[in-house]
Amino acid sequence: MTRDEALAIMHEFVQSPNLRRHMYAVEAAMRFYARKLGADEEKWGITGLLHDFDWEIHPNMDDHPIKGAAILRQRGVPEEIVHAILTHAPERTGLYPQTPMEKALRACDEITGLITAVALVRPSKSLYDLKVKSVKKKWKDKSFAAGVHREEIEQAVADFGVELWEHVANVIEAMRGIAPELGLDGSLAQGRQNAA
Ligand SMILES: [Fe+2]
Ligand SMILES: [Fe+2]
């Protein structure tokens with residue numbers, strides 16, 4: 001499976017620009033860690049790119065990602081990737097992350113959302129000048145992005161074996177590499193619309 005094939009599946013099933021951006025962000029974080037650990041960057045990236053592909057057709061916790069997994073298998077997505085996607089929701093699938101790629105996916109998923117939210121409330125609306133300390137401040141403010149489960153992230157990141165704030169720095173760096181695609185390159189602050 002190539003990245004283009006995975007991207008075609010994702011675009012077929014996901015129309016929301018924000019959900020597509022979430023997938024790109026997790027892909028970028030997965031690629032960052034695959035490079036860092038000398039793992040298969042394409043495989044890790046595709047796992048990130050596809051992990052929520054069925055959220056628009058299965059927008060409830062009973063079906064996502066279990067029913068999505070069946071579609072991915074039909075489309076010929078390798079079992080290792082399908083399995084990893086199932087482990088990003090262990091409370092529903094009963095499958096817990098075991099491999100480094102699975103642990104990375106769980107560690108990278110929600111944190112990209114918090115980083116995006118923090119970048120968007122800053123005047124620059126940019127990842128280029130976003131610092132870890134800004135994320136730290138909002139992390140402690142439980143009313144900010146209240147849907148982001150801090151304890152779950154802490155646990156997932158510890159399980160992956162990275163220190164939390166080092167992880168945040170890594171994911172910011174990874175996301176910076178595709179800031180224009182994420183709409184977080186500062187163009188929003190200048191009133192320009194980004195075509196992602
Ligand atoms: Fe998900
Ligand atoms: Fe996700």
Side-chain angles (χ1 to χ4, degrees), residues 3 6-7 9-34 43-73 75 77 79-120 127 135 138-139 144-157 159-160 162 164 167-168 170-172 174-175 177-178 181-184 196:
R3 191 213 184 239
L7 190 65
I9 295 173
M10 198 273 271
H11 280 174
E12 179 184 338
F13 287 90
V14 177
Q15 305 311 317
S16 151
N18 283 339
L19 185 53
R20 286 183 177 186
R21 284 173 179 157
H22 170 61
M23 236 79 86
Y24 297 139
V26 177
E27 179 195 18
M30 291 294 283
R31 285 182 176 276
F32 176 97
Y33 277 114
K43 188 165 68 188
W44 286 44
I46 288 170
T47 301
L49 191 61
L50 286 175
H51 80 281
D52 280 335
F53 91 100
D54 69 330
W55 184 248
E56 283 180 6
I57 56 163
H58 301 141
N60 65 75
M61 298 302 190
D62 288 337
D63 297 338
H64 165 74
I66 298 172
K67 286 194 176 171
I71 297 171
L72 293 180
R73 287 188 180 114
R75 300 296 182 105
V77 175
E79 188 57 30
E80 197 185 344
I81 292 175
V82 177
H83 191 275
I85 289 172
L86 285 167
T87 69
H88 93 272
E91 59 288 340
R92 303 195 292 282
T93 62
L95 297 171
Y96 283 79
Q98 305 280 348
T99 67
M101 182 171 86
E102 292 171 351
K103 291 180 180 189
L105 178 61
R106 186 131 164 93
C108 292
D109 187 3
E110 273 205 274
I111 197 70
T112 63
L114 185 70
I115 290 170
T116 299
V118 176
L120 285 174
L127 289 169
V135 179
K138 295 293 187 189
W139 177 276
F144 179 83
V148 173
H149 306 97
R150 271 77 165 166
E151 282 100 62
E152 268 178 37
I153 296 176
E154 256 168 9
Q155 209 204 324
V157 174
D159 191 39
F160 182 40
V162 187
L164 179 62
H167 181 59
V168 169
N170 288 341
V171 176
I172 291 173
M175 288 171 68
I178 56 159
E181 289 91 331
L182 297 177
L184 297 174

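Residue numbers count from 1 along this sequence. As the structure lists them, so they are numbered: ligands from 1, and atoms in each ligand from 1.
- Here the angle at the Fe ion (ligand 1) defined by NE2 in H88 and OD1 in D52 stands at 100°, rounded to 10 degrees.
- A salt bridge is absent between E181 and R21: the closest approach of a Lys/Arg side-chain nitrogen to an acidic carboxylate oxygen does not fall below 4.0 angstrom.
- In this structure, the side chain of T93 engages the main chain of L86 through a donor-acceptor pair within 3.5 Å.
- Under 2.8 Å from the Fe ion (ligand 1) lies an N/O/S atom of H64, whether from backbone or side chain.
- Using a cutoff of 4.0 Å between basic side-chain nitrogens and carboxylate oxygens, R31 and E27 are scored as salt-bridged.
- The nearest N, O or S atom of D109 is closer to the Fe ion (ligand 2) than 2.8 Å.
- At least one donor-acceptor pair under 3.5 Å links the side chain of H51 to the backbone N or O of G48.
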